[in-house]
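Quantities reported herein were computed from a predicted structural model and do not represent experimental measurements. Just so it is clear: chains get the letters A, B, ... in the order the sequence lines come, proteins before strands, and each one is counted from 1.
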There are 2 protein chains.
Amino acid sequence: MLDEHLKNTLIEIVGNENYQDSKTSLLTYSYDATPGFQSLPEAVISPRNTSEVSQIVKLCNQHRIPIVPRGSGTNLSAGTTPLHGGIVLLMKHFNSILEIDEENLTVRAQPGVITQTLIEAIEEKGLFYPPDPSSMKISQIGGNINENSGGLRGLKYGVTRDYVLGLEVVLPNGEIIKTGGKLAKDVAGYDLTRLFVGSEGTLGIITEALLKLIPKPETKQTILALYQNLEAAAKSVSAIIANHIIPATLEFLDQPTLKAVEDFAQIGLPTNVKAVLLIEQDGPEDIVKKDIEKITKICLANNAISVNSANTEEEKEALTAARRAALSALARLRPTTILEDATVPRSEIANMVNAIQEIAKKYDVTICTFGHAGDGNLHPTCLTDIRNQEEMSRVEKAFEEIFHKAIELGGTITGEHGVGAMKLPYLHLKVGEAGMDIMQNIKEAFDPNNIMNPGKMFPIERKRVVVEE
Amino acid sequence: MLDEHLKNTLIEIVGNENYQDSKTSLLTYSYDATPGFQSLPEAVISPRNTSEVSQIVKLCNQHRIPIVPRGSGTNLSAGTTPLHGGIVLLMKHFNSILEIDEENLTVRAQPGVITQTLIEAIEEKGLFYPPDPSSMKISQIGGNINENSGGLRGLKYGVTRDYVLGLEVVLPNGEIIKTGGKLAKDVAGYDLTRLFVGSEGTLGIITEALLKLIPKPETKQTILALYQNLEAAAKSVSAIIANHIIPATLEFLDQPTLKAVEDFAQIGLPTNVKAVLLIEQDGPEDIVKKDIEKITKICLANNAISVNSANTEEEKEALTAARRAALSALARLRPTTILEDATVPRSEIANMVNAIQEIAKKYDVTICTFGHAGDGNLHPTCLTDIRNQEEMSRVEKAFEEIFHKAIELGGTITGEHGVGAMKLPYLHLKVGEAGMDIMQNIKEAFDPNNIMNPGKMFPIERKRVVVEE
């Protein structure tokens with residue numbers, strides 16, 4: 001619990017109704033979507049505007065109180081668990097879309113807007129905001145920015161970073177800065193905008209975002225390519241892109257995932273094949289038609305047993321929705337679901353899929369694999385039971401080996417979920433010790449008292465290494 | 001001159017032939033393409049590989065010797081002038097294209113590769129690297145990355161930042177780090193890759209780059225829209241984009257620029273009109289045709305007096321080449337040419353063009369304007385004589401007012417040329433004092449001894465502001 005005087009000052013800032021410290025509230029915000037990480041905060045505070053955020057941050061900086069900013073808590077790397085106590089800063093009042101500018105193709109929004117709500121408002125104007133994380137029905141834009149969320153349309157359209165033009169941020173010292181603008185080009189100083197994207201709440205609190213929009217593609221077409229051989233599916237992915245076709249979506253699902261999804265969604269997915277590719281192309285009608293024809297040929301030439309087209313809008317939506325539901329579907333099978341996001345160069349997907357299967361066999365654990373094959377971004381998902389310590393230790397060893405394998409293949413430990421507390425022990429594998437040092441130096445440059453989401457990305461005791469001269 | 005012992009150690013590292021300190025060499029590297037900035041370095045060193053760069057940097061860090069990394073010196077913000085002496089680090093030996101990976105659509109190159117050489121090698125494979133700064137015939141990729149260069153294709157394809165996937169960098173302490181990879185998605189820690197892009201040589205020395213490629217557009221078409229009214233041209237720009245058409249190129253030239261370019265290039269440009277838009281669309285043939293038709297209609301509806309199409313490949317190339325030659329053409333008219341790059345939201349172009357004309361009149365200076373209208377990125381270019389102090393003081397006042405106006409319209413002081421030494425006095429206008437402080441903190445986190453390109457972006461005496469608690 002926070003000291004009484006501090007608590008009263010905080011209540012003066014946000015009002016009684018926006019300060020919670022009942023046992024139930026603290027418990028509710030003690031975890032996020034990541035299994036195995038839980039810790040009670042001391043208070044849950046919901047500021048109503050940027051000035052209140054600034055006042056809270058100044059106070060916390062003075063008293064060295066940790067702050068964990070939180071959207072919907074869909075984080076999959078324990079990035080929003082208050083591991084060192086302090087306050088959870090809920091952005092629920094920051095839920096307005098402030099402006100859709102049709103001349104400059106931008107949207108200005110508060111961080112607490114639900115991703116899908118934002119996308120729908122934009123599409124009504126004939127415009128398009130591509131980043132579509134699977135959690136988009138409940139995730140918030142602020143969380144997407146802090147995690148640099150990807151999604152199903154990443155291959156053609158990029159990730160959240162590619163659509164953030166400017167930010168309003170409260171720095172750890174309470175100062176408010178504005179970065180970027182409605183500008184296609186801006187090189188005035190360091191690129192703070194993109195530094196905040198993916199910084200996982202460790203550098204400041206985003207209170208407003210200016211996002212880039214593009215014209216909405218005229219049409220789209222969806223196909224399913226079926227395979228009796230995982231490698232053939234992986235090879236099709238490389239072949240499509242090597243043929244200079246960039247589909248909007250190029251998703252991979254293995255048989256166990258397919259079965260779970262079909263059982264959950266019941267839309268008639270084939271469950272008697274070893275793998276499917278869900279492929280979507282969008283754009284002008286003629287181009288989509290031509291691309292889909294070419295893709296079909298390439299898949300068949302790479303041993304797809306058949307390629308089926310979605311005939312109606314409903315069928316297209318159902319397929320994509322089913323893919324988005326993969327995590328929920330798998331989560332029904334066993335008490336604990338651990339979803340990973342090791343990512344490799346696209347050309348290494350076949351190798352990575354094979355390696356995941358071998359590693360699962362070696363440690364005798366159940367790993368289903370699905371994911372954004374076109375991005376090399378796979379989601380090996382372990383179905384397990386966190387209460388079984390012996391099994392969990394095998395699961396951990398398996399994932400550690402998966403991360404090492406990803407790095408060995410020129411990949412990374414996390415493609416879109418972030419480091420958080422969960423991947424923290426593995427970050428050095430990707431960035432090296434000198435990389436860890438410089439990232440830690442950046443953190444200290446922003447937040448010398450380490451109040452912003454401490455214990456994420458770096459261990460809290462890790463100290464800056466000063467090079468002796 | 002460097003002290004004799006240090007000089008000998010440096011010669012041991014790079015060999016006699018790669019260490020120059022003759023008066024001629026020092027003079028040659030005392031300036032870049034920016035008028036009015038000149039200062040002699042103490043030595044010009046050309047390392048042959050990353051290990052030599054690391055050794056040089058360690059030595060300079062120990063002895064607090066400034067390092068100015070330099071490509072071709074086409075910088076337009078005095079970013080490569082050795083204002084505080086020290087060494088100029090020439091990247092001329094880093095001139096190899098290391099790999100074009102057709103499966104992952106990436107190119108790995110050393111920073112000293114000429115931009116156009118890289119683009120040609122890539123296009124031979126049917127692939128495309130869009131960033132095309134006007135200086136691309138001589139500029140180097142390393143310089144493009146350090147400045148986050150834009151170019152004529154920025155509107156549709158983005159800037160250099162959008163194509164940098166990974167870097168090898170020698171940090172100011174001499175450590176070598178590798179960032180990113182052949183990955184569509186990577187969120188392992190802070191985004192160091194994009195932080196280095198546009199950091200103007202102040203955070204480290206880029207020794208290798210991994211760049212993203214896309215399939216080469218099938219075809220392109222070029223048109224010229226002529227106007228007797230600048231505002232009509234500016235309004236056409238907004239209208240094209242508000243109609244959800246994103247052309248590859250959307251360039252603006254005013255009459256004085258047109259006259260200078262025609263005089264220089266002699267390709268039959270109309271010189272009896274007040275402004276032209278040079279518009280290019282690329283992509284699949286049908287789409288290009290349809291877009292060009294729509295664009296033509298929009299321009300005519302916005303009072304273009306005529307819209308002419310380039311009929312042959314030669315005509316298209318000649319038009320684009322003529323536009324790229326604008327700076328060279330204008331530079332012939334008077335002894336000194338100062339090219340600026342104030343940038344505004346696209347919807348404010350008409351206001352900005354008007355303001356520039358009024359400001360030029362007010363201070364009685366000659367300013368021609370051309371630039372990337374689709375990006376809101378204008379190049380007001382002042383034709384003057386640096387030896388005439390009285391005129392120069394009016395020129396400076398005019399530009400200061402232009403920067404203030406750009407900020408007032410929601411723009412920035414620099415769209416693609418960087419801050420360097422030239423825009424340093426104006427950076428605070430865009431980023432604010434809190435922004436200046438945090439950028440300075442980042443600089444110190446990387447380079448506590450301020451050896452990397454000192455006096456650029458921040459004044460050398462500016463000290464970090466510590467917030468009292």
Output the option from [options] having the highest count of non-hydrogen pairs under 4.5 Å with chain B.
options                        : result
A/N104, A/D191, A/I177, A/N148 : A/N104
A/G150, A/A434, A/G174, A/A242 : A/A434
A/G126, A/S77, A/G374          : A/G126
A/T412, A/V197, A/D341, A/L105 : A/T412
A/I245, A/D286, A/I413, A/L192 : A/L192
A/G410, A/S199, A/P284, A/P215 : A/P215

Practice problem: List for me each residue that meets side-chain hydrogen bond (donor to acceptor under 3.5 Å, both in side chains) alongside A/R346, sequence neighbours excluded, and say none if there are none. | Solution: none
Quiz item: What residues, two or more places apart in sequence or in another chain, satisfy side-chain hydrogen bond (donor to acceptor under 3.5 Å, both in side chains) together with B/K156?
Solution: B/Q281, B/D282
For [X], which atoms come within 4.5 Å of any heavy atom of chain B: side chain, backbone, both, or neither?
X      : value
A/K423 : neither
A/E102 : backbone
A/L171 : side chain
A/E200 : side chain
A/M439 : both
A/V344 : backbone

Exercise. Report yes if some heavy atom in the side chain of B/D186 is under 4.5 Å from a heavy atom in the side chain of A/K430; otherwise report no.
Key: yes
Quiz item: Do B/I442 and A/L195 have side-chain heavy atoms sitting under 4.5 Å apart?
Solution: yes
Quiz prompt | Pairwise distance NZ(B/K185) to CG(A/L155) - rounded to 0.5 angstrom | solution = 9.0 Å
Practice problem: Mind checking the OH-CD1 spacing from A/Y190 to B/I438? Nearest 0.5 Å is all I need. | Solution: 12.0 Å
Quiz item: What part of B/K443 is in contact with chain A, defined as an atom under 4.5 angstrom from a non-hydrogen atom: side chain, backbone, both or neither?
Solution: both
Quiz item: What option among B/N243, B/I214, B/L203, B/I176 has the most heavy-atom pairs under 4.5 Å with chain A?
Solution: B/L203
Quiz item: Which one of B/L183, B/T343, B/T179 has the most heavy-atom pairs closer than 4.5 Å to chain A?
Solution: B/L183
Quiz item: Taking only residues two or more places apart in sequence or in another chain, which ones pass ring-ring contact (aromatic ring centres under 6.0 Å, His included) with B/H379?
Solution: B/F370, B/H372, B/H417
Exercise. Under the side chain to side chain contact (heavy atoms under 4.5 Å, CB included) rule, what do B/N441 and A/E444 come out as? Steps first, then yes or no, please.
Key: CA-CA 9 Å; B/N441 289 3; A/E444 287 193 22; over 6 Å; no
Quiz prompt | Other residues, nucleotides, ligands: >12 heavy atoms within 6.0 Å of A/E123 CD | solution = yes
Quiz item: Does atom CD of A/E103 have more than 12 heavy-atom neighbours, drawn from other residues, nucleotides or ligands, at distances under 6.0 Å?
Solution: yes
Quiz item: Listed by residue number, which members of residues 159-166 of chain A have a heavy atom under 4.5 Å from any heavy atom of chain B?
Solution: A/V159, A/R161
